[in-house]
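The block underneath contains the structure these notes are about, expressed in structure tokens.
Below, chain A is the first sequence line, B the second, and so on; all start at residue 1.
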There are 2 protein chains.
Amino acid sequence: MKKDDRKFDILYSIIRDYIKTAEPVGSRTIEKKYNIGISSATIRNEMADLEEMGYLLQPHTSSGRIPSDKAYRLYVDRFMKRVDVDNYIRDDVRSLYNRYFGELEEIMNKTAQILTKLTNLTSLVSTPNITGLNIRDLRLIHIEDERVLLVVITKQGIVKNGEMRLNGIPTEQMLEHVANFLNLCLTDMQTEFSAATFAASIDALSPWEQKILAQVVEAIKTLFNQEEDIRFISNGVTEIFRYPEFRNDMDKTKRFLEAIHRNDLLSYLFTAMDDEPVRVRIGEENEVEQFSDCSVISATYKLNGRPVGTIGVVGPTRMDYDYCVSVIETLTDELTEHLTESIGGKED
Amino acid sequence: MKKDDRKFDILYSIIRDYIKTAEPVGSRTIEKKYNIGISSATIRNEMADLEEMGYLLQPHTSSGRIPSDKAYRLYVDRFMKRVDVDNYIRDDVRSLYNRYFGELEEIMNKTAQILTKLTNLTSLVSTPNITGLNIRDLRLIHIEDERVLLVVITKQGIVKNGEMRLNGIPTEQMLEHVANFLNLCLTDMQTEFSAATFAASIDALSPWEQKILAQVVEAIKTLFNQEEDIRFISNGVTEIFRYPEFRNDMDKTKRFLEAIHRNDLLSYLFTAMDDEPVRVRIGEENEVEQFSDCSVISATYKLNGRPVGTIGVVGPTRMDYDYCVSVIETLTDELTEHLTESIGGKED
DNA sequence: GTTAGCACTCTCTTTCGGTGAGTGCTAATC
DNA sequence: GATTAGCACTCACCGAAAGAGAGTGCTAAC
């Protein structure tokens, strides 16, 4: 085990060095920059072993080594240390969040911006996908002619609205009737309801109102189902040009940029909303082939203890995992806290 | 003039050829591919003249010529022909617009998508920036605790809403009072109003309600002023990789991609909302330095005859101006028509 | 087990003709 | 006088060859 310790000391040094320089690391570099106290020849032997074990790769026979995905995995699982994110950053984030109270879109935007600014990586934020909501209040506001604004307030304190267009021009009264009817029926009801639910008392409404009802029900469904395709807010997609392994490889850059603009791939990348606090996917571990030379760090933020969305960064596999994981953790915490404070808290 | 005709025939051929191939055009190419009926030697002489006149550039002494910005400008001003956009495309666009009736965001998104699909260029759409609105109806909906949803419907049929947070918890009645008060005062009033306007009848409200009023007024202001920074929806930013002059030049690509993600530069690019139906900016003509090796075609779409936003494409200067201008024209028409039909028409 | 030494490997850079597309100029032709 | 054929010249592009440099693996000595 003593011997293995040395091996992994060397591996650790190689990883740190490669993360910093993006250049294959040779045995002499290790000998000189990190004083492990053994000669380059010995280090060479160890490196050969590490290569055999699958932790190192050699771009060509006479070059230094670079860490493999497996090495990064080991690094993340075994060697990674949390880094303290400066307190003033936390404060900045909080005051920013407070400035945009209630403006969900803006909050997500700013989160992505901060994430990129701190990590120098492309950041992604999925807009909250909140399912299983219970409607508390529903309003129908007449705009003009056939146009009606549907406003839904959920028990969880989420407000959604959308414009709908009826087949005819309603009176204020009709809309009020329908809204009242629905408010009575829907209390405590999930947003996914069946038409059958209304059968009982539907006769209270006039035929015209019943028609409106049907359309409103349809509108509610689309309002709450549009989340099926999650939207992503991205920031700093051109940060990728910072990294020589991309800057010197047009194909790689092209592949990255094309993928990062594809919503379908991003959803795939962020699918699993599991309970791991922070998830790290390294290179080939990514389900999405296009990101197989990237690493993705992501975490789910929550509302009332329930995961509703994901934030993360994407970048070269040789990213600074210690720091990035810490940043993501911090921001996820802050975001969760802010959301719960600003729109949560009323759940039954 | 006869002689000049021939010169410009040659110039025209060179431009067409270069647009298609992205390769410098030589005199023999012109002689063979475009039968002007004169020998390459004569063409060479004419080309030398055209270069002297500033219409052609020579990447190096012994290469063919490429058109200068000035040549494209001449082309656009003098030679460009409108191309008929297929009818089925018009139909597609219309049916698409009808499917997303009222969903402004989605409409803009789809417009950008179509634009890219048709032109193979990066497309940009600015969200409508509608000023000088008159409020017709205003609602205050209690969400929970201090949270209130403000819904404003304008005479022009535009609906805007935003969440606000009061300093205390209001009753339904208070909100109704304030809303009614504002509705009375605001009818026929611009969204930019002064606090003084209310002085007259404000005593009808309780002190608490007056406080709420002040906050609502503030909220209305931000709701209608947030347009100051116009948002852009872009699509197909990676189309740039199609074009060898970018694909083979990482710096150029980097500059382009960095610029296309910067909102401030895009606003600059799209500032002038003049009455030209379609605007073409070629290379150095662009006020934005970062786009000096690109051309921008843009047009303003309107609501009730008033320009409210811009759509456009950005790409290499050797783009197919005839086709792209026609496409932009068509889409602008359709968008204007759709908007006016769906939310306009009620203006006094 | 460790290390010094050395031959070897392989990339990267530079150099150097060769090729080919295209030009400008001159002299002949219409 | 305009047009064209002919020709020398230019310059990017390509591939081969040579040299440098970083790093390795192996062997033999410590």
*Using the ring of each side chain (for Trp, its six-membered ring), is B/Phe291 parallel, tilted or perpendicular to B/Phe256, with breaks at 30° and 60°?*
perpendicular
*asked:* For B/Ser39 and A/Thr29, find the nucleotide of DNA chain D closest to each by heavy atoms; which residue's nucleotide sits nearer the 5' end?
replied: B/Ser39
_A/Thr317 versus A/Ser295, side-chain donor and acceptor atoms under 3.5 Å_ = no
*Write down the distance between OH (A/Tyr18) and P (D/dG23), rounded to a whole number of angstrom.*
14 Å
*Quick one: A/Glu31 CD to C/dG5 P, roughly how many Å, whole number?*
12 Å
*Whole Å only: how far is the CD1 atom of A/Ile38 from the C1' atom of C/dG1?*
11 Å
*Determine, step by step, whether A/Tyr34 and A/Asp9 satisfy the side chain to side chain donor-acceptor pair (under 3.5 Å) criterion, reporting the C-alpha distance in whole Å, the side-chain angles of both residues, the deciding distance to 0.1 Å, and the verdict.*
CA-CA 10 Å; A/Tyr34 309 84; A/Asp9 272 1; over 6 Å; no
_Tell me whether the side-chain N/O atoms of A/Arg65 come closer than 4.0 Å to OP1 or OP2 in D/dT24._
yes
*Confirm from the modelled atom types if A/Arg44 and C/dG5 form a donor-acceptor pair under 3.5 Å, side chain to base only.*
yes
*Reckon B/Arg28 has a side-chain N or O less than 4.0 Å from the OP1 or OP2 of D/dT4?*
no
_Rounding to an integer number of Å, can you tell me how far A/Ile43 CD1 sits from C/dA4 C1'?_
14 Å
_So for A/Ser62 and C/dT9, does any side-chain atom that can act as donor or acceptor lie under 3.5 Å from a complementary atom in the base?_
yes
*Looking at every strand, decide which applies to B/Thr42 at a 4.0 Å heavy-atom threshold: base, sugar-phosphate, or nothing.*
base
*asked:* Which nucleotide wins on minimum distance to the side chain of B/Ser27, given the candidates C/dT23, D/dC11, D/dA5?
replied: C/dT23
*Electrostatic pair B/Asp251:A/Arg247 at N-O distance under 4.0 angstrom*: no
*Could you state the CG-C1' distance from B/Leu56 to C/dG22, rounded to the nearest angstrom?*
14 Å
*To the nearest Å, give me how far apart CD (A/Gln58) and P (D/dT24) are.*
7 Å
*For A/Asn45 and C/dG5, give me the distance from atom CG to atom C1', rounded to whole Å.*
14 Å
*To the nearest Å, give me how far apart CD (A/Glu23) and P (C/dC10) are.*
20 Å
*Would you say B/Thr61 reaches D/dC11's phosphate, i.e. side-chain N/O to OP1/OP2 under 4.0 Å?*
yes
*asked:* So B/Ser40, base contact, sugar-phosphate only, or nothing? Heavy-atom distance under 4.0 Å.
replied: nothing
*Decide whether B/Asp322 and B/Tyr75 meet the rule of one side-chain donor and one side-chain acceptor closer than 3.5 Å.*
yes
